[in-house]
2 protein chains.
Amino acid sequence: MALTRPVYAPDVPSEQSTATAVPPRPARRSRAPRGSLNPDLILDHALRLLDEKGLDAFSMRALAEDLGVGTMALYTYFRGKDELFRAARDRVLATYTPPSTEGSWDQRLRSACIAVHELFIGRPAVLRLLAESTASDDFLDAATSAMDRMLSLLLEGGLGPEDAARAYGTLSRFTIGSALREVRVCARPEAVEIFRSRIAALPRDRFPALADLAPELLLSTESGREQYEYGLDLILCGIRHLASGPA
Amino acid sequence: MALTRPVYAPDVPSEQSTATAVPPRPARRSRAPRGSLNPDLILDHALRLLDEKGLDAFSMRALAEDLGVGTMALYTYFRGKDELFRAARDRVLATYTPPSTEGSWDQRLRSACIAVHELFIGRPAVLRLLAESTASDDFLDAATSAMDRMLSLLLEGGLGPEDAARAYGTLSRFTIGSALREVRVCARPEAVEIFRSRIAALPRDRFPALADLAPELLLSTESGREQYEYGLDLILCGIRHLASGPA
DNA sequence: GGGGACTAACGTACAGCGTACGGTAGTGTG
DNA sequence: CACACTACCGTACGCTGTACGTTAGTCCCC
């Protein structure tokens with residue numbers, strides 16, 4: 001039984017087995033010093049892990065190891081994984097800075113939306129957090145800045161309060177939907193390839209429009225940003241109509 | 001030690017402890033008969049579980065128990081959880097039947113979109129499957145019917161092939177984004193309540209538009225279908241512009 | 001200085017997950 | 001009647017999140 005113990009003994013190995021200055025426990029550290037952890041540091045590493053390895057590869061154990069710390073140390077600062085995720089999400093959202101473009105209200109609205117979209121697709125894992133959101137509140141906490149900006153631009157454009165609120169909702173839903181699609185499909189060459197082969201295999205008689213538009217559909221799959229701006233302009237066109245026509 | 005064993009012994013309990021016709025193992029069945037499983041039956045139960053308990057509560061073990069079957073029996077018909085999820089997703093998407101509305105091309109397009117949206121919000125768990133989609137292909141497999149219908153309506157409206165493809169992309173992204181929001185927020189009273197309190201707590205000086213529009217924002221949170229149709233009409237307005245103006 | 005309180009960091013353990021692997025039993029065919 | 005086949009299943013492995021209790025570094029007060 002005892003010989004099932006691995007070579008690297010976990011506790012108090014033979015002291016000074018060699019005279020070299022090699023630290024005695026190369027793979028197993030004993031205990032992290034007292035001040036070695038704080039919420040910001042944890043979030044830094046968590047976001048790095050999320051960005052590099054993706055949401056699926058993330059785990060509390062992996063994060064702790066990345067920090068050089070025992071797993072349960074994390075629970076001193078966050079009640080659990082959900083709370084940590086919410087904090088990470090909010091921190092990313094808080095990095096939004098509205099682009100200070102000049103121009104008409106609708107041009108500035110356009111820029112603001114694109115900035116949000118860019119923020120999302122730059123952080124695929126965080127976007128997924130946002131979309132799944134087991135914690136069910138809106139992501140209002142830190143997105144207030146973007147939200148307020150877009151709303152005030154809509155008011156500036158002359159929309160009534162109700163229209164402004166609804167138009168904001170439309171923009172926000174489209175932006176999230178777009179970013180999700182971008183992350184799931186456009187950014188993955190393999191997915192585009194699968195799409196291509198599926199579309200080529202469709203029976204032309206049952207799906208004539210699909211078959212006819214195959215090349216255009218593939219094109220539109222290939223650049224998410226362009227697709228987003230196209231749809232954004234469609235929506236903005238509708239919004240301008242609201243603004244020009246009286247209530 | 002032995003007395004930690006629960007009362008209901010797991011294996012071959014004393015035969016005929018009572019003379020009643022009660023089957024000898026009420027909780028543990030021995031083995032399901034040969035023909036008791038097939039892909040359709042599995043998917044039926046899986047979808048019922050997903051609809052009733054939600055995606056988070058779903059597990060292969062729970063599904064097997066629901067079927068009265070050993071867990072590993074499922075792996076005879078599906079390579080794993082992912083494959084099962086894809087099949088469930090595709091089956092739900094295949095239930096889409098375009099509403100045979102009369103009217104102009106844009107009215108019919110509107111109805112077709114709304115039907116997709118309704119399909120999604122009727123199946124929240126499946127919608128989440130669709131949005132997360134670890135398996136990274138597009139959900140083209142079974143959504144072809146809706147896709148072809150929408151594309152042909154766009155062509156009928158006079159859009160060029162490229163515009164039709166892009167407009168379809170816009171509608172599809174907005175529809176998914178809307179349904180996701182609906183499922184995450186609108187359909188949950190608690191989420192709306194949290195939203196309400198957050199918005200009330202905002203500093204009016206930093207977020208004036210948000211504070212002013214609080215009532216309208218809350219209103220627009222409360223009916224997802226209405227919000228969806230509002231945004232849909234904005235997009236359709238833009239699409240009609242494309243259709244009327246020449247390329 | 002010394003002892004006690006506080007708490008950051010941690011080790012262990014548990015329930016539950018997906019599923020690889022091998023076993024078993026019921027069926028169809030020679 | 002025997003054999004091959006395979007639908008169903010039991011066990012086990014490695015993984016997850018985290019409840020609970022322990023340890024050890026720090027600070028304060030006597």
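Side-chain atoms are counted along with the backbone in the values below, which use heavy atoms only and exclude waters and symmetry mates. Please read all numbers here as calculations on a predicted model, not as lab measurements. Numbered from 1 within each chain, the chains take letters A, B, ... in sequence-line order.
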We want to know whether A:S172 and B:R181 form a side-chain donor-acceptor pair, criterion being a heavy-atom distance below 3.5 angstrom. yes
B:N38 CG - D:dC8 P separation (whole Å): 9 Å
Using atom OH of A:Y75 as one end and atom P of D:dA19 as the other, report the distance to the nearest whole Å. 7 Å
Short side-chain N/O contact from A:S36 to OP1 or OP2 of C:dA9, under 4.0 Å: yes
Atom-to-atom span, CG of A:L74 to P of C:dT7 - whole angstrom: 20 Å
Regarding A:R48 and A:E52, does a basic nitrogen lie under 4.0 Å from an acidic carboxylate oxygen? yes
I'd like a table of atom pairs between the protein and nucleotides 14-17 of chain C - only N or O on both sides, under 3.5 Å - with the distance next to each one.
residue	atom	partner	partner atom	Å
C:dC17	OP1	B:S59	OG	3.0

Between C:dT27, D:dT26, D:dC9, which one does the side chain of B:A73 approach most closely? D:dC9
Do NZ/NE/NH1/NH2 and the carboxylate oxygens of A:D66 and A:R61 come within less than 4.0 Å? no
In whole angstroms, how far is the P atom of D:dT18 from the CZ atom of A:R79? 12 Å
Take the protein atom CD of B:E83 and the nucleotide atom P of C:dA20, then report the distance between them rounded to whole Å. 12 Å
Salt-bridge criterion met for A:E132 and B:R184 (N-O under 4.0 Å): no
Heavy atoms only, 4.0 Å cut-off, all strands: where does A:T71 land among base, sugar-phosphate and nothing? base
Can you tell me how far C1' of D:dA7 sits from CG of B:L67, to the nearest Å? 14 Å
Base of C:dA9 paired with side chain of A:R31 (donor-acceptor, under 3.5 Å): yes
Side-chain atoms of A:A32 come closest, of D:dA24, C:dC10, D:dG17, to C:dC10
Less than 4.0 angstrom from a charged side-chain N to a carboxylate O is my criterion; do A:D148 and B:R206 meet it? no
What is the distance from CZ of A:R34 to P of C:dT7, rounded to the nearest Å? 9 Å
Would you call the rings of B:F85 and B:F58 parallel, tilted or perpendicular if under 30° counts as parallel and over 60° as perpendicular? tilted
Between B:L37 and A:M72, the residue closer to the 5' end of DNA chain D by nearest nucleotide is B:L37
Side-chain donor/acceptor pairs under 3.5 Å, residues 70-81 of chain A, sequence neighbours excluded:
residue	atom	partner	partner atom	Å
A:T76	OG1	A:A73	O	3.1
A:Y77	OH	A:L37	O	3.0
A:R79	NE	A:E83	OE1	3.2

Take atom CG of A:L55 and atom P of D:dT16, then tell me their distance rounded to the nearest Å. 13 Å
Of the options C:dT19, D:dA7, D:dG25, whose atoms approach the side-chain atoms of B:Y77 most closely? D:dA7
